[in-house]
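What you are looking at is a predicted structure, and each value in this text was computed from that prediction instead of being measured. Letters go in sequence order (proteins before strands), and every chain restarts at 1.
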Protein chains: 2
Amino acid sequence: MSRVSDPSARPSRAEQRRNTEARILGQARRLFAESGYDRTTIRAVATAADVDPGLVMHYFRSKEELFARATEGGPPSLPGGTPEQIAEQLLDVLRGSLADEPVESLAVLRSMLTHPEAAHEAREASRIQRDQISEAIPDDQADLRAGLISAVLIGVVLGRHLIKLDPLADADPDQIVEILRPSIRSLTKADD
Amino acid sequence: MSRVSDPSARPSRAEQRRNTEARILGQARRLFAESGYDRTTIRAVATAADVDPGLVMHYFRSKEELFARATEGGPPSLPGGTPEQIAEQLLDVLRGSLADEPVESLAVLRSMLTHPEAAHEAREASRIQRDQISEAIPDDQADLRAGLISAVLIGVVLGRHLIKLDPLADADPDQIVEILRPSIRSLTKADD
DNA sequence: TGACTGATTCAACGACTGTAGAACGAGATG
DNA sequence: CATCTCGTTCTACAGTCGTTGAATCAGTCA
């Protein structure tokens, strides 16, 4: 018998723990993305994961740590290149974020305005992305331009998935990307 | 003796009530903008306004109504005109929102991701602005373009005042507006 | 088998919240 | 002056939350 998962066998102790932990993390992500940090109770996560609240506390030591574990993982790294290439890469990432709901990111985004720790994570993610972008922009305003790109993209994803602004929530991702292309390109260009 | 406020006299009953109510509303706005709906307690508002929590409940009948009263007032109405003029009007509004903190708006923005009622207000404000903008854009995608402008502007104000993204939080408003001008213009143009 | 470990549950505490209602006290009114 | 109004405070309730520690129950292993 192998020590790794065998669908036909009863899961081992360690396996079962990993399963339960993953189930809790998944539901936590979902609920954090849906309702934000404050309104997501440990009891609700436990219920959704079909588990006792005490168990959540036993695995993750606090609600804070549960949130940290549920939202770890930074922004996607951009290959880099010319300003035009960077713009296309950003638009590709955006297209992906519009097409399906990036639950992990949404959990951070949903909570960043009301939970200081989430705000810190958001700033950190934005800083990383900003550095990647500004590296490719030949301008003394590069950092500011890159920061503005972050803000713009956050606004669009926010408007679609979280605030659900009317035409934006249901529009075709490709169409949105096409409309935004000139804007993003103008922000990476620097000569205006 | 006049019935309206006389600085040298002890305020009348009605005056005193208006004063207290205004003081509560001001502190409520400030705290809602600072901490969002959930984390702003009626007790905290009362303490900040130097008043008993019960009084807040007596004037405004619930926390919900207090929030509604503290955040009433929609987006600024745009004069309208050509797409280029609309773009400039939007940039002017943005400049103002960047220069000083628009406490009322920030109260809504801060809470819109975690408080359904605030989300509704934000959608409503965005819808009004969207209609004003799309009216001036000659395109079948006008609504979507206008919605995207809303999202972009929300993202920028959010990034500056609430998330405090690094270069964005302290940058010169005029500089930000200059950088964003091509983007906003491209979004109002429709021919790309 | 029997001792042990660890996954899981149960019951409870203390803190905080929005809210309700009684009570007080000073200005308005006759 | 007497009565009433109303701004204001005090006290308390019921619910929810994060968190804790003991208890339970099933694998694991000597």
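Closest to the side chain of A:Y59, out of D:dG7, C:dT8, D:dG18, is C:dT8. Between D:dG7, D:dT9, D:dT19, one nucleotide has an atom nearer to the side chain of B:D52 than all others, and that is D:dT9. Here the nucleotide nearest the side chain of A:L55, chosen from C:dT8, D:dG7, C:dG18, is C:dT8.
Note that B:R29 lies outside the cation-pi zone of B:F67, set by a 6.0 Å cut-off to the ring centre and a 45° limit from the axis.
Separating the CZ atom of A:F60 from the C1' atom of D:dT20 is a distance of 18 Å, rounded to the nearest angstrom. Look at CZ on A:F67: it is 14 Å from P on D:dG18, rounded to the nearest Å. Atom pair B:K63:NZ and C:dA20:C1' shows a separation of 17 Å (rounding to whole Å applied). As rounded to whole Å, 8 Å separates atom P of C:dG18 from atom OH of B:Y37. Taking atom CD1 of residue B:I42 and atom P of nucleotide D:dA12, one finds them 20 Å apart after rounding to whole Å. The nearest whole Å value for the distance from the CE atom in A:M57 to the C1' atom in D:dT19 is 5 Å. Regarding A:R17, its CZ atom lies at a distance of 18 Å from the P atom of D:dG27, rounded to whole Å. Going from atom CG of A:L31 over to atom P of D:dG18 covers 12 Å, rounded to whole Å.
Put simply, the side chain of B:R43 and the base of C:dG18 share a donor and an acceptor less than 3.5 Å apart.
Between B:Q16 and D:dT8 there is a side-chain polar atom (N or O) within less than 4.0 angstrom of OP1 or OP2. Side-chain N/O atoms of A:T20 include one lying less than 4.0 angstrom from OP1 or OP2 on C:dT8.
By the 4.0 Å N-to-carboxylate-O rule, B:E21 lies close enough to B:R69 to be salt-bridged with it. Ion pairing between a basic and an acidic side chain is recognised when a charged N comes within 4.0 Å of a carboxylate O; B:D166 and A:R130 show such pairing. Salt bridge A:E34/A:R39: absent, no basic N to carboxylate O contact under 4.0 Å.
Using a 4.5 Å heavy-atom cutoff, the side chains of A:E121 and A:T71 are in contact.
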